[in-house]
Structure formats: structure tokens, C-alpha cells
Amino acid sequence: MRTRTRRLAMTALAALATLATYAAGTGPAAAAAVPMPAAPRLLEPLKPCTYDGAPAGARCGTVEVPLDRANPRRGTTRVGFAFLPRRDQSQPSLGTVVPNPGGPGAPASRFVNYAGLLAPLLDRRDLLLVDPRGIGLSEQITCKALTDPRAGFSHPKLVAAIGACGRELGSEAGLYGSAAVADDIDAVRQTLGLDRLDLWGDSYGTYLMTVYAARHSEHVQSVVLSGSYPIAFDTFGRDRLDAGLRAIHLICARTRSCDGQAVMRDLERVAARLRSHPVRFTVATGSRTFQATLDEAALASVVYTRGERSLSAALPSALANAAAGDLDPLKRLASLVMLDVAGLTQNPAFNAPTFAAVMCHDYPRAFRYQDPPAVRSADYRRALSELGPTAFGPFSAAGWTAAGFEGADLCIDWPNDPTAGAPVATGRPLPDVPVLVLSGDLDANTPPGAGRETAAQFPHAIFAEVANAGHTPSGDPCALPLAIGFVKTLTADPQACLRTGTPPPVPGRAAVSAAQLPSARAAATPAVRRALGLVGATAEDLVQQNGVVRAWGAADGLRGGRYAADTATPGAITLTAVRVVRDASVSGTLAPGAGQQLIGTLRLSGPGVAPGRLQVRIALGTGAGHATGTLSGHAVDLDFQLEGGR
């Protein structure tokens, strides 16, 4: 992690400086002074970027900075960046856009296509993508403890893995906080001779850019914060719980597909049941099988959703199934959240140790690192109990605080770090720089309330809530031009996106038997239409699991069977006895076709469906399709329409 040669050189220079001090007769006190950090320097001239996804025309470089600016003797670390010059070189630059995609742990260089997202700004503005220390193009840090995906399937295992990572990092665990990263960004700015920065933060990037604005306001031209949270946020996530419940109510009211109050009753009933009777199940991905538990914490993680609005929309029907005794749909949603967390330990574009190091250094907590484990735990439980028994309804305190959001007890095993604390003093206004804060009104990760608190930190920030948007709404069709316009003009209409967008669709309750599936519309017998309805439901299930298959190589069917990436045909997925209902299964292969279609050959079997073999083509957007083949020995060749589109 450290540049050893640089550290040795600095040590030698420090020794020479000590000898010179004694020779000058100024005494030991002067000799003990910590040397000032050296000015940042470019390690070599900029070169064309060669990493996957690099913007065309971007040039990459590396700046050497002190590992610990309070003690430069500890050596240096390397901070990598990509610089994309403005398209119009005939006129002076209007500034430099500096975005960060969040995490913490996500590299700006490749986690988001910022060159595409921010293209309207890049005629007259340069783009600077700085990877925070420890990540991506910068000198990376590693922790063996956070390479085990099993940590994503158990809150206690995740807490233990984070603590073990801190012990692996040792004395350097506290050197990756947001203040150090903000100063690194400024070191790159200084090295490149830039002045006016337009900061653009998504998710954790909002926190980081707030810290930069506080520490280097003289170089800030504008700030866009999308999916934002304040420096002093609630470590117990009560605002996130409120936002998760609010998102369900809003989706139900806007789609008219569910009754928000009925969903809340189901949620309370299912949470109580899982609190006393958790259910063990397995999640199979690729060549691995993980043991998981559907308990109150797993349900809480689905309500939290990390701001993913499609999960909020899927929850009402899953809860209705669960309240009736069918837990399979809820297991599916919980497994998607677990796999998402576990996937961060396997994703080469994400640095989990940096996530832990920033969270455990910067964020609020209800215990002190200098205390032994027993005292930490007692203080944490005491702080929870002081909030009262109903603070997290319909969840218990233990259930909600294990939902997976930053804070709570995730860092309770982190080693003692005397430097840990908020990177910006709380309780006083931040510099008066132009700021636009965007919050999706369906976001339970960085809720609108947190966005308002973020805006309130600045004297004259503009807060804009974005209807029907989830986490980090900067890509929203209304919010993106609003933010682009703000960077150009430093003005924005805070009401512009209050009535825009469309809510995510709410699926119906999952069928248990094939007879309960919506039949396809077609000029055919009821048995054929039911079989086509099974094909449509299986295709819909595959679409929901597609991301898991791409990330892990395989995924489970809703009620059994397996999806797996077909190694012989790029993009194709093999289905092995996939069951979306209990009395019928589908096997075969589906692959993407032209115009957002799925095409393939499928075998249908089981007592609930007419058996046979079909070649199918399904348009994913409209649900229109065509099928040829045989069912129950009879030839089939017809067009069909799936209910609601698939």
C-alpha cells in the first residue's frame, strides 16, 4: 500500500534535516517537528488511457501524495486519474467537471459512463475522473476478509469481516477517509493547473464532494449532489425506514395496483412471524451454494432496498404471498439483496476494503473505538434501547438495524482509530457555494429528508425532489437536464420534477399452480393458452434473474430449477427444470434477439401444463410473441399476447 522507496527517501531526508538543525544550534525541539508535505507531483507525463471503458481521447496519469498528511514520514500513495479535454479547444475552458459515483469504493474512472452522462457540459468544460486512494487507477488496498461472498448472506458475518479487514489494514486503517480523498482530488487539481471545479457527486460521492467544498471552497464553481445524505446522519437509519415505507405507499397510490395500508398490515404480520420463526434456505449461484436465512433482518433489507425502486414495487405482492404462507417470492427478493451485497466482494470494479475504511473512519456511531468490545456492545444496545420499543415499527430494533445500511453496528469490531470522526465539523454552515441537491422520492437509501438536511448545510442550496425516482436520480429524464442546466447557469427550479416520471409497475401475486397463471391471449384452446402463460411467466422470472446470471454465472428459478449462462452461445441462458409454479417446469434455452426479443426452444413438463416442445419469440416490451411446435402431441403455430406485456 505504501511506496516503500519514497518512504525510505523521506526518512533519509528527515535524518539530514535533523543533523542540519543540530548544526544550526536550534536544539531538539526543532528537530522533532514534522516536516511539511511535499507538493504533489506527476509521476510521469500523461498518456492515453488504456483501461476498459476509458473515454475516447482521455489521458491518464498518477500523482504521488502523502499517505498521511499529518505525518509525511509515513510515506506516500499513488492517486490515479483520467483527464478528458473539452471538445471545443478554440475557446477557453469554462471549468472542469469532477464527478464521483459513490460507494465508497467505486472508481470514478469506470463505474459510471460520465463522459456520456455529462456530454452536454463537455464542449467547454474538461472532465476529470479521480479514483480515490485505494481504488481503481489509484494504488489499491486489499483485505482477504472482504473477499468471501458469504459475508453478504449474514449480518454477523459481515460485521466480523469488516472488523477483520480493519485489523488487516492495521495502522493504515484510518488513512482512507473522505478528508484525505478530498485533499487528493485537490492535489490532482493543483498538479494539472486547474482552478474552477464543477463537483458532481452521486450517493457517497455527495458526502465526498461536500467534504471537498468544505476544505477547498475557493476552487468550487458549482456542486450537484444526487442521492445525498448529510455529514451527521442517523446511524440507526430511522429516516431510511420511514422512506422505505413511504415509497411503498407512493407506488401503491400512483399505480393503483395495491392498497398501501393493506401492505403495511401484511408487513407487520410477516415481520412478526419471521422474528420468531426464521426460515433457512439456500441460494445457488454459479458453482456455489450459499446458506441464507429469511428472517426479520432479511425482510428489513428488502424494505430498505438500497434505494432500488423495482424492489419496493415487488414487495406488496411478495408480502401478500408470504402472509398467505407462500414465502418463495419473498425469498427471491431477499436473495437479490444478499447477492448484491455479496457481489461487491467479487466485483473487480469495486473496492470493498475502501468502503469499510471510509465508513468506519467517517460515519456516526453509537460507541467508542477506544473501548473494549464488551463496552462497545453495551453502549450500542443502550443507545438503541433509549429510542424506545416502537422506534423501528413494524420491525424490532435488532431487525431493522441489520438491514445493511451504513452505520448501526457494522463497524463495532473495527480496531481503535484515534483519528476517526466526522471529516467536517457539524453544526455550522458550510461555505456559500452554488449547490443543487437532488433526491428521488422513492429512495430509501438517501431519502428526501436526508437530501433536505444536506441542502440545509449550505447557506443557499437548492433542493429538488424528483418524483418516481429511486437512488441517485441524476440519470432521470427530468433531473439530468435540470442538473446540467444548473452547472451552466447556477440556477434551477426546485419544483421542476415534482410531477414527472412514472412509478415502477407492481406485479401481481405469484401463482402457486399453473392454473393460477394469467393465460396468454391467442386463438387456441385453454390448455395451449395456459402453456403460453407459463412460457411468459418463466421469461419474466428470467428477466428478474438476468443480472444474477450475468454476475455469478447461474441463478435459481423462483420455485426451483436453474438458469445458467450458455458458454457456447454469447448472451444465451440455459434453463434446467425451471419452476415458477409448483406443478410445471420449463427447460431449454433463451437468447436475446433483435429488437428487445427473447428467442429460443423450450420443453414444458409437469402435471399442471400441456407437455411439449416450443420454439418461441417474445418481445419483452409488449409481450407479443409467436410459438411453433407441439403441445400434448398437437401442432402449434400461432401468435400470442402475454397479459400486461413481459
Side-chain angles (χ1 to χ4, degrees), residues 53 81-82 97-118 127-138 140 146 176-182 184-185 198-213 223-231 233 237 240 243 304-309 337 340-341 343-345 347-363 404-407 410 423-424 435-440 443-448 450-451 454 466 469-476 479-480 483:
F81 62 89
V97 185
V98 183
N100 182 274
S109 62
R110 67 194 75 186
F111 214 76
V112 172
N113 177 18
Y114 279 119
L117 185 74
L118 304 175
L127 178 66
L128 176 61
L129 306 172
V130 181
D131 284 353
R133 54 173 59 197
I135 300 171
L137 300 176
S138 297
Q140 297 197 31
L146 282 175
Y176 294 86
S178 301
V181 175
D184 292 343
I185 293 173
D198 295 297
L199 307 178
W200 186 290
D202 291 309
S203 192
Y204 161 73
T206 66
Y207 192 92
L208 174 60
M209 294 311 179
T210 296
V211 175
Y212 183 93
V223 187
V224 172
L225 305 176
S226 175
S228 187
Y229 56 106
I231 297 297
F233 60 87
R240 293 170 170 179
Y304 166 45
T305 74
R306 301 178 67 191
E308 175 51 61
R309 66 183 201 139
V337 175
D340 192 31
V341 177
L344 295 178
T345 68
N347 187 347
F350 184 84
N351 189 282
T354 305
F355 169 84
V358 173
M359 173 177 63
C360 295
H361 185 269
D362 289 358
Y363 291 172
F405 50 83
E406 301 93 330
L410 281 180
V424 174
V435 177
L436 172 66
V437 178
L438 302 170
S439 291
D443 183 9
N445 192 345
T446 52
T454 301
V466 184
H471 189 45
T472 57
S474 49
D476 177 88
L480 179 57

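Looking at Y176 and P104, their side chains never come closer than 4.5 Å, going by heavy atoms from C-beta outward. Residues L480 and L117 meet the side-chain proximity criterion, which asks for heavy atoms closer than 4.5 Å. The side-chain heavy atoms of L127 and P99, taken from C-beta on, include a pair separated by under 4.5 Å. By the 4.5 Å heavy-atom criterion applied to side chains, V224 and L199 are not counted as neighbours. For the pair P423 and Y207, the minimum side-chain heavy-atom distance is below 4.5 Å. In this structure the side chain of V98 reaches within 4.5 angstrom of the side chain of I185, judged on heavy atoms. N100 has its side chain within reach of P132: a pair of non-hydrogen atoms, C-beta onward, lies under 4.5 Å apart.
A donor-acceptor pair under 3.5 Å is absent between the side-chain atoms of T354 and the main chain of G105, judged by distance alone. Here the side chain of D131 pairs a donor or acceptor atom with the backbone of L137 at under 3.5 angstrom. Between the T305 side chain and the G307 main chain, a donor and an acceptor come within less than 3.5 Å of each other. The backbone N or O of I135 sits nowhere less than 3.5 Å from a side-chain atom of N351 that would complete a donor-acceptor pair. Proximity of a side-chain donor or acceptor of R110 to a complementary backbone N or O of G53 within less than 3.5 Å is not detected. Formation of a donor-acceptor pair under 3.5 Å by the D202 side chain with backbone atoms of T472 is not found in this model. Without hydrogens or angle criteria, T206 side chain to S226 main chain gives no donor-acceptor distance under 3.5 Å.
To the nearest 0.5 Å, atoms CG (L438) and OG (S228) are separated by 9.5 Å. Of the inter-residue distances, the one linking Y204 atom OH with T446 atom OG1 reads 14.5 Å to the nearest 0.5 angstrom. One finds the CZ atom of R240 at 9.0 Å from the CG atom of D443 (value rounded to the nearest 0.5 Å).
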Audit row: T210, L225, side-chain contact (heavy atoms from CB on, under 4.5 Å) steps and yes/no:
CA-CA 8 Å; T210 296; L225 305 176; 3.7 Å; yes
Test side-chain contact (heavy atoms from CB on, under 4.5 Å) on F81 and L129 and set out the steps.
CA-CA 5 Å; F81 62 89; L129 306 172; over 6 Å; no
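The existence of a salt bridge linking E406 and R306 is excluded, since no basic side-chain nitrogen approaches an acidic carboxylate oxygen closer than 4.0 Å.
Minimum heavy-atom separation, R133 to S138: CA-CB, 4.1 Å. For the pair P473 and A479, the tightest heavy-atom approach, listed with the atom from each and the gap, is O-CB, 3.1 Å. The two atoms that bring A243 and A444 nearest to each other are CB-CA, 3.8 Å, heavy atoms only. The minimum heavy-atom distance linking S439 with G451 is given by the pair OG-CA, 3.5 Å. Contact record, V211 with A182: CG1-CB, 4.0 Å, taken as the closest heavy-atom pair. Scanning both residues, P101 and P107, for their nearest heavy atoms gives CG-O, 3.7 Å.
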Taking distance alone, no hydrogens or angles, what donor-acceptor pairs closer than 3.5 Å link side-chain atoms of residues 355-363 to residues at least two apart or in another chain?
unit_1: H361; atom_1: NE2; unit_2: G174; atom_2: O; d: 3.3
unit_1: H361; atom_1: NE2; unit_2: T419; atom_2: O; d: 3.3
unit_1: H361; atom_1: NE2; unit_2: T419; atom_2: OG1; d: 3.1
unit_1: D362; atom_1: OD2; unit_2: S178; atom_2: N; d: 2.9
unit_1: D362; atom_1: OD2; unit_2: S178; atom_2: OG; d: 2.5
unit_1: Y363; atom_1: OH; unit_2: Y229; atom_2: OH; d: 2.5

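The salt bridge (charged side-chain N to carboxylate O under 4.0 Å, His left out) search around D476 returns none, not counting sequence neighbours.
Ring geometry for Y304 against F405 counts as perpendicular: the plane angle is over 60°, on a 0 to 90° scale with 30° as the lower cut.
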